[in-house]
Structure formats: C-alpha cells, structure tokens
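Each chain gets a letter, A, B and so on, in the order the sequences are listed, and its residues count up from 1.
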There are 2 protein chains.
Amino acid sequence: MHEHHDHEHDHTHDEIKEAVEHLKSSGVRITPQRHAVLEYLIEAEIHPTADDIYKALEGKFPNMSVATVYNNLRVFKDIGLVKELTYGDASSRFDYNTTKHYHVICESCGKIVDFHYPSLDEVEALAETVTGFEVSHHRMEIYGTCPDCKEKH
Amino acid sequence: MHEHHDHEHDHTHDEIKEAVEHLKSSGVRITPQRHAVLEYLIEAEIHPTADDIYKALEGKFPNMSVATVYNNLRVFKDIGLVKELTYGDASSRFDYNTTKHYHVICESCGKIVDFHYPSLDEVEALAETVTGFEVSHHRMEIYGTCPDCKEKH
DNA sequence: TTATTACATTGTAATCTTTATAATTAGTTT
DNA sequence: AAACTAATTATAAAGATTACAATGTAATAA
C-alpha cells in the first residue's frame with residue numbers, strides 16, 4: 001500500500017513538472033496560487049468545481065480570491081491544459097487533460113468516472129462532409145447509475 | 001415556394017397536434033402560454049434559449065412571466081418532449097425532440113445544426129462493461145466552424 | 001540596483017441565469 | 001355554479017461567473 005502510494009505520488013509529480021513546463025513555454029507566469037490550483041487539479045481524484053478548488057486551497061492561501069481560481073482556470077483552459085465540463089444548472093467541473101478519455105456520469109450521485117475509448121474520428125468526418133463545417137473537436141459523455149447507487153437502489 | 005411553405009406549415013401543424021396529444025395523455029393542462037411555447041419550439045429553426053422564447057412571445061402575451069417559460073420547459077422536459085442543451089457560461093438551449101440526432105455547433109457564431117448518425121450503442125455497451133454503470137443515455141456534440149464563418153474567416 | 005513596465009491577485013460589486021415563493025387567476029370536476 | 005386543483009404572475013433570492021479598480025509582485029531595462 002505504501003509503495004503504491006509513493007508510486008502514485010511520483011506519477012503526479014512528473015505530471016506537475018510537465019504542466020509547469022507547458023505553462024512556461026506558453027509564457028504564463030507561475031505564481032504560488034497558480035501552482036497550487038494546477039497541483040490540486042492534477043492530484044485530485046475528483047473532477048472539481050471552481051469552488052471545490054477554492055475551498056481546498058483556502059487553508060494554504062487564506063487570502064486567495066475566487067476570482068483567482070476562475071482566472072487561472074481560464075488561463076489553463078486557453079493553453080489546453082484543462083477542460084471545462086459543463087452540466088446544466090450546476091457549476092462547471094474542471095478536468096486536467098492527460099490522455100484522451102470520455103466520462104461516465106452517475107445521474108444519482110454525480111460521480112464522474114473516466115472511460116477510455118478510441119476517439120470518434122468517423123463521426124467527426126461524417127459531420128464535416130454532411131454539414132460543411134470545419135470540425136475541431138467533439139464532446140461525448142455517458143450517463144447512468146454507478147454500482148454504488150445501483151446497490152442502494 | 002408558396003407550396004413549399006405550405007407544406008412546411010402542414011408539417012409543423014401535425015407535429016404540434018402530436019405534441020398536444022402527448023401533453024394530454026400525460027395529464028398536462030394545455031394553457032395558451034403553454035401552447036405558444038410549444039408551438040414556438042416546434043416552428044423555430046433555431047434552438048432557442050428560455051429568453052429567446054420569452055422575447056418571441058411577449059408580443060402575444062405581454063404579461064407572461066419568464067418563470068412561466070421555465071416552468072413549461074421543465075414540464076416538457078419531464079415528459080420527454082424537449083431536450084435541454086447546456087453549454088458552459090451561456091444559457092441552456094432547448095430542442096424539440098423529433099428524431100434522434102446530434103448537433104454540430106459553430107464555435108464562432110454559435111449556430112447549431114442537426115446531424116444524423118446512428119446512435120453510439122457500441123460506446124454505451126463498452127462503458128457499461130468497463131465501469132459497471134447501468135447506462136441510460138449519452139450526449140455527443142461536434143464543434144467546429146460553420147461554412148459562413150469560414151468564409152468571413 | 002533601481003526604475004519601469006507588465007502581469008496577477010484581491011475584494012467587491014455587478015451581471016446573468018435560474019429557481020423559490022406567495023398571491024392571483026384560470027381550468028376541471030362535481 | 002362551487003370547490004378544487006393547477007398554472008401564471010411578479011418579485012425576491014440564490015448561485016455561478018465576470019468586471020473592475022486598487023494593490024501587489026515578478027520581469028526587464030536603464
């Protein structure tokens with residue numbers, strides 16, 4: 001268990017370094033707050049909302065403003081480091097962009113699970129020819145009930 | 001042109017009748033406002049926001065409240081007559097549920113174009129086995145630049 | 001090193017969308 | 001028509017996000 005945890009930690013450590021390089025090469029200044037938001041996004045198991053991030057970091061940065069969280073999330077989004085996931089009424093969730101993956105979302109408890117699937121190039125290609133659009137990307141999510149909620153039924 | 005227009009009109013007229021039947025059989029009362037919202041949804045070429053609908057109908061119903069629009073959209077959604085499409089910061093858009101289709105969205109002007117494609121059952125099935133979720137549905141959208149915006153580039 | 005400049009952060013107010021609530025009105029049923 | 005139920009209205013409230021002005025901090029040039 002201990003080894004596993006260390007391994008995990010090393011993994012995210014590398015990802016953070018990589019992300020910081022990405023910021024640097026994009027000419028984005030690396031501030032303590034910015035670094036903390038990024039670190040939280042990478043280490044978090046959940047797909048946090050802006051408020052989740054704000055709450056998680058207010059211990060370390062008692063004076064940090066929500067605006068800072070939003071500003072930095074926008075910066076990260078602009079350079080393609082994170083993705084914003086939007087769902088109707090509730091707040092947006094932010095997802096650190098590692099490998100390509102889709103999401104399966106529990107309609108009962110809101111849990112979001114990653115799910116790998118070869119990208120839907122075919123659909124994009126067809127859309128391009130049929131609509132005349134120049135396609136840049138797509139969004140796909142699957143909704144259902146997670147195992148935990150199924151049990152509680 | 002005239003004939004074509006008439007034909008279109010007949011078509012939506014049938015759809016409205018059908019939708020009204022659906023409401024009746026669901027035990028939903030048909031009020032003038034409700035009917036107007038439904039009619040607008042079916043006839044509108046665009047995928048309107050709640051505010052679009054409100055603005056479009058305030059001539060006919062000077063005293064109608066935004067709440068009425070939202071209330072009725074919720075009713076329509078609950079009985080499966082319309083779908084809500086949510087995009088990040090902006091307001092939700094509402095789509096009258098005819099046949100199954102996906103959307104292609106212009107990132108430059110926001111235009112939404114319908115696009116038919118066989119439903120992605122395969123992806124749902126894989127997700128089910130891999131995640132243990134009981135899948136109910138999915139959401140898929142394609143983003144890009146529409147022909148008009150490409151020209152203006 | 002210091003001055004200058006550019007960018008980030010903070011705190012707060014404002015905006016925007018959506019929902020909640022209570023009072024009124026309209027439709028249904030008996 | 002009376003009683004009951006549901007829908008509408010008007011308004012207030014909530015919640016998420018952004019705008020803005022002031023302040024702070026890092027990078028660059030002198």
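Remark: B:Ala44 pairs with B:Tyr40, B:Ile46 by the side chain to side chain contact (heavy atoms under 4.5 Å, CB included) rule, at least two apart or across chains. Residues meeting the salt bridge (charged side-chain N to carboxylate O under 4.0 Å, His left out) test with A:Lys150, sequence neighbours left out: none. Scored by the salt bridge (charged side-chain N to carboxylate O under 4.0 Å, His left out) test, B:Lys83 finds no partners at all (sequence neighbours excluded). Scanning for side-chain hydrogen bond (donor to acceptor under 3.5 Å, both in side chains) contacts around A:Thr131 gives an empty result, with sequence neighbours left out. Scored by the salt bridge (charged side-chain N to carboxylate O under 4.0 Å, His left out) test, A:Lys24 finds A:Glu21 as partners (sequence neighbours excluded). By the side chain to side chain contact (heavy atoms under 4.5 Å, CB included) test, B:Glu107 pairs with A:Ser136, A:His137, B:Tyr143, sequence neighbours left out. Scored by the side chain to side chain contact (heavy atoms under 4.5 Å, CB included) test, A:His35 finds A:Ile16, A:Val20, A:Ile30, A:Glu39 as partners (sequence neighbours excluded). Qualifying salt bridge (charged side-chain N to carboxylate O under 4.0 Å, His left out) partners for B:Asp78, counting only residues two or more places apart in sequence or in other chains: none.
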When every nucleotide of nucleotides 9-15 of chain C is labelled 5' to 3' by its protein contacts under 4.0 Å (heavy atoms), B for base, S for sugar-phosphate only, - for none, what sequence of letters results? SBB----

For nucleotides 28-30 of chain C, tabulate all protein N/O to nucleotide N/O atom pairs closer than 3.5 Å, reporting atom names and distance.
none

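The nearest whole Å value for the distance from the CG atom in A:Leu85 to the C1' atom in D:dA16 is 16 Å. Rounding to whole angstrom units, CG of residue B:Asp78 and P of D:dA6 are separated by 15 Å. Taking atom CG on B:Leu57 and atom C1' on D:dT9, their separation rounds to 15 Å, with Å as the unit. Nucleotide C:dT18 holds its P atom 14 Å from the OH atom of B:Tyr54, rounded to whole Å. For the pair B:Lys24 NZ and C:dG27 C1', the interatomic distance rounds to 14 Å; values are reported in whole Å. Here D:dT17 presents its C1' atom at 12 Å from CG of A:Asp51, a figure rounded to the nearest Å. In this structure, CD of B:Glu58 is placed 12 Å from P of D:dT9, rounded to the nearest angstrom. The interatomic distance linking B:Leu73 (CG) with C:dT19 (C1') rounds to 13 Å, in whole Å.
The overall bend of the helix from C:dT1-D:dA30 to C:dT30-D:dA1, read as the angle between its terminal helix axes built from five base pairs each, is 20° when rounded to 10 degrees.
Side-chain nitrogen and oxygen atoms of A:Ser92 include none within less than 4.0 Å of the OP1 or OP2 phosphate oxygen of D:dA16.
Rounding to the nearest 0.5 Å gives a distance of 11.0 Å between CG of A:Asn63 and CD of A:Glu58.
Evaluation of the salt bridge (charged side-chain N to carboxylate O under 4.0 Å, His left out) test over residues 108-126 of chain B, restricted to residues two or more places apart or in two chains, returns B:Lys111-B:Asp148.
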Between A:Phe115 and B:Val123, does a side chain to side chain contact (heavy atoms under 4.5 Å, CB included) hold up when you go through it step by step? CA-CA 10 Å; A:Phe115 162 66; B:Val123 190; 3.8 Å; yes

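Where A:Tyr70 and B:Val28 meet DNA chain D, the nucleotide closest to each residue was compared, and B:Val28 sits on the side nearer the 5' end.
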